[in-house]
Amino acid sequence: LCFALYSEVEHAPIISPHNHTDAAWFANNQSFSDALSLLVIPDHYLLRMLHSQGISLLQLGVPDLYGKVHVTARQGWQCFAQHYHLFLGTPSRLWLDATFREVFDLDIKLDAASADFYFDHINACLARPEFRPRPLLDRFNIAFLATTEHALNPLTHHQKLAKDNLSRRITTTFRPDDVLDPDRDNFTINIEQLGALTNEATDSFNGYLNALRVRREFFKSFGATATDHGPANTLTANLDRGEVSRLYDRC
């Protein structure tokens, strides 16, 4: 049954309303630099799994809190390959194995012994024009995808996509966590920037709501049809406007 279902959708266009792509990829259409920075560093599912097994993120090439990288891309990939067996039986392993086989024509097992071969082969592929972001849209039959940007993002890359007539194919999604979560260290600064961007007085709750409306309209002008949120918990409270305003003032 699974194979029958797959055969019906195998060649259908991909419509991806949420993913981990970067609008800069498609706006600039430059070659991806290396296997590690493309396939491992941006994937928090891979990083969380490896970190849970005691592997330091620094060993994988993730920058420290000061932005310093402590290993080369090859060394980070070697660490990833050495621990690749930990993904057995996971969706990540199925996805990566399919990617290695179908996209990069690699049919040997990834481990510490084959790490360098994988790294060099993938990097050589990425240097070819057909592996740039825009050609890959066509190769993978991607009809639509939506990236995700925070409320203060100027959407510079989406402006470039609009000029290149790609805004209907690649759009943005409004994710205002940067101006909704008062537990963020930079919350007050972000609220001030929100006011400056929108010419609204965000020192009051009403002005804050107006500023959010203005930013939503800005995102909608670039094709956004959805919002995306990452709340720390699901606790809610039904407060009247006066209570909300006082709470906002405290934040």
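Note that these values count all heavy atoms, side chains included, but never hydrogens, waters or copies made by symmetry.
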Can you tell me if T172 and H157 form a side-chain donor-acceptor pair at under 3.5 Å?
-> no
Kindly check if the number of other-residue, nucleotide or ligand heavy atoms within 6.0 Å of NE2 (H11) is above 12?
-> no
F144 with L137, same ILVMFWY side-chain cluster at under 4.5 Å | no
So does R169 pair up with D138, basic N to acidic O under 4.0 Å?
-> yes
Between H158 and T156: side-chain donor-acceptor atoms closer than 3.5 Å | no
Is I170 linked to L136 within one hydrophobic cluster, defined over Ile, Leu, Val, Met, Phe, Trp and Tyr using a side-chain heavy-atom separation of less than 4.5 Å?
-> yes
Does the distance from a Lys or Arg side-chain N to an Asp or Glu carboxylate O, for R93 and D97, drop under 4.0 Å?
-> yes
Cationic N near anionic O, under 4.0 Å, R74 to D120 = yes
Answer yes if the side chains of S245 and E243 hold a donor-acceptor pair under 3.5 Å, and no otherwise.
-> no
For the residue pair N19 and T21, confirm or rule out a side-chain donor-acceptor distance under 3.5 Å.
-> yes
Hydrophobic cluster membership, L50 vs V69, 4.5 Å side-chain cutoff | no
Verify same cluster id: F218, V179 (apolar side-chain graph, 4.5 Å) = no
Will you find, in the side chains of H70 and D64, an N or O donor that is under 3.5 Å from an N or O acceptor?
-> yes
Going through the checks in order, is the side chain to side chain contact (heavy atoms under 4.5 Å, CB included) test met by Q82 and I55?
-> CA-CA 11 Å; Q82 181 182 345; I55 294 105; over 6 Å; no
Can you check whether F32 and F131 have ring centres sitting under 6.0 Å from each other?
-> no
How about L194 and L212: do any of their side-chain heavy atoms sit closer than 4.5 Å?
-> yes
Without hydrogens or angle criteria, can the side chains of Y118 and D111 be said to hold a donor-acceptor pair below 3.5 Å?
-> no
Do I108 and L94 belong together in a cluster built from hydrophobic side chains that touch within less than 4.5 Å?
-> no
Pair K160 + D164: basic N to acidic O under 4.0 Å | yes
Calculate, to the nearest 0.5 Å, the distance between atoms CG and NE2 belonging to L180 and H150 respectively.
-> 10.5 Å
Distance in Å, L166 CG paired with F26 CZ, rounded so as to fall on 0.5 Å steps | 9.5 Å
Distance col, row D183:CG vs D185:CG, nearest 0.5 angstrom, shows 9.0 Å
Is there a donor in the side chain of N153 and an acceptor in the side chain of R175, or the other way round, less than 3.5 Å apart?
-> no
Assign the ring pair F205 / Y208 to parallel, tilted or perpendicular, where the plane angle (0 to 90°) is split at 30° and 60°.
-> tilted
If you measure from OG1 on T173 to NE2 on H229, what distance do you get to the nearest 0.5 Å?
-> 10.5 Å
Assess whether atom CD1 of I14 is packed by more than 12 heavy atoms of other residues, nucleotides or ligands within 6.0 Å.
-> yes
